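Below is one structure; the comments refer to it alone.
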2 protein chains.
Amino acid sequence: MKRTGFAKADCPVARALDAIGDWWSLLIVRDAFDGLRRFGDFQKNLGIAKGMLSARLHKLVELDVLELVPASDGSAYQEYALTERGRDLFPVVVGLRQWGEAHLYARGEARSDLVDQTGQPVGQLVLPSRTGRPLAWSDTKVRKAGARKR
Amino acid sequence: MKRTGFAKADCPVARALDAIGDWWSLLIVRDAFDGLRRFGDFQKNLGIAKGMLSARLHKLVELDVLELVPASDGSAYQEYALTERGRDLFPVVVGLRQWGEAHLYARGEARSDLVDQTGQPVGQLVLPSRTGRPLAWSDTKVRKAGARKR
DNA sequence: CAATATAGTTCTATAATAGGACCAGTTGCG
DNA sequence: CGCAACTGGTCCTATTATAGAACTATATTG
């Protein structure tokens, strides 16, 4: 009755969810995108149990999504910083954000916003074809592992 | 000791994860994108326990991500079809896929691919500014709920 | 109309999470 | 310097969630 795992799946979606698809990892990564770096900051901001946070941070470090670096304030403590692999999760977090914005808020309800450096709200995520044309779900299909090109 | 919830959070990422951030929901949605619609198809493809699947499908219907429709083969059974809200999860699933492709496969390891109708692999997800310029994480910031525009 | 397929529900054992107690090293302050 | 508070954990227990199997009702096939 061990929790089902997908670390060996053919499907990259399954592997990604196996790695970071638990209840906390993406919220920790979101906080890291917002500039949080210290154990206590994550703990306070998320209201997560310290044992959970410890386990998740260690797993994220092991996955090379976060790395331990010396504290930026010169103290003897350490901080958790996003790696390139962690920063590559940006589109995933933005995707969740935009879906949440579009479907989970009543009109006028308060929420945070993602803006660019000038304060302008960002646009919607776009999936381009190789030639740059925007693709919708119905323009795509999944080619199974090992399937020959035609 | 009830599982922490984020249904009322200010942050759309937290709300989105509260709704569909469990171990199974996004895999079910991925399968739906791949064309699966029947209870038994999901169950066979995912290897999920039937009780879990039943609970997840009901929750996804309640969230209006899936809807029950008459079976397309004319039988008396029903099928689970993606709603517009469900189809809007496409960028999230693609984001997870692209992150998994980039970071969770050894060179040469078999995996499925997302291609367009001509069989060409799709491009990377892009976050455009209002003016169409592509934005990276470091070009953006989160404006907290209720913060005044400047 | 009997056998099998579909779509579940219910039950139990195991695994994961929440919350708190506890603890060692670091820092701030008088 | 000396002590209190802060930081960053570990460990333990109660509760919740998940996996897997057994069971059931309705639909379909032969």
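A, B, ... follow the sequence lines: proteins, then strands. Residue 1 opens every chain. Just so you know, these numbers use all the heavy atoms, side chains as well, and skip hydrogens, waters and symmetry mates. Here the structure is a predicted model, which means the values were calculated and not measured.
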May I ask you to evaluate whether [X] reaches the phosphate of [N], defined as a side-chain N or O under 4.0 Å from OP1 or OP2?
X: A:Arg56; N: C:dT17; result: yes
X: A:Arg3; N: C:dT14; result: no
X: B:Ser75; N: D:dA27; result: no
X: A:Ser54; N: D:dT10; result: yes

Report which part of the nucleic acid [X] touches: base, sugar-phosphate, or nothing (heavy-atom distance under 4.0 Å, all strands).
X: A:Phe42; result: nothing
X: A:Ala49; result: base
X: A:Trp24; result: sugar-phosphate

Below 6.0 angstrom between ring centroids: does that apply to A:Phe39 and A:Tyr80? no
Before we go on, tell me: are the rings of B:Trp24 and A:Phe6 under 6.0 Å apart, centre to centre? yes
Given atom [atom1] of [X] and atom [atom2] of [N], what is their separation to the nearest angstrom?
X: A:Asp73; N: D:dC6; atom1: CG; atom2: P; value: 16 Å
X: B:Gln78; N: D:dT26; atom1: CD; atom2: C1'; value: 13 Å
X: A:Lys44; N: D:dC6; atom1: NZ; atom2: P; value: 10 Å
X: B:Lys50; N: D:dA19; atom1: NZ; atom2: P; value: 15 Å
X: B:Phe6; N: C:dA18; atom1: CZ; atom2: C1'; value: 12 Å
X: B:Tyr77; N: C:dA5; atom1: OH; atom2: P; value: 11 Å
X: B:Tyr80; N: C:dA7; atom1: OH; atom2: P; value: 8 Å
X: B:Gln43; N: C:dA5; atom1: CD; atom2: P; value: 14 Å

Most 5' of A:Ile48 and A:Lys2 on DNA chain C, judged by nearest nucleotide: A:Lys2
Assign each of A:Ala76 and A:Met52 the nucleotide of DNA chain C bearing its closest heavy atom; nearer the 5' end lies the nucleotide of A:Met52
Start with the C-alpha gap between B:Gln120 and A:Ser129, add the side-chain angles, then the distance that decides, and say whether side-chain hydrogen bond (donor to acceptor under 3.5 Å, both in side chains) holds. CA-CA 8 Å; B:Gln120 278 290 307; A:Ser129 74; over 6 Å; no
Give the intermediate values and the outcome of salt bridge (charged side-chain N to carboxylate O under 4.0 Å, His left out) for residues A:Glu109 and B:Lys8. CA-CA 10 Å; A:Glu109 204 176 352; B:Lys8 301 289 178 54; over 6 Å; no
Check this for me: does any side-chain nitrogen of one of B:Arg143 and A:Asp113 sit under 4.0 Å from a carboxylate oxygen of the other? yes
When you match A:Gly51 and A:Trp23 each to their closest nucleotide on DNA chain D, which lands nearer the 5' end? A:Gly51
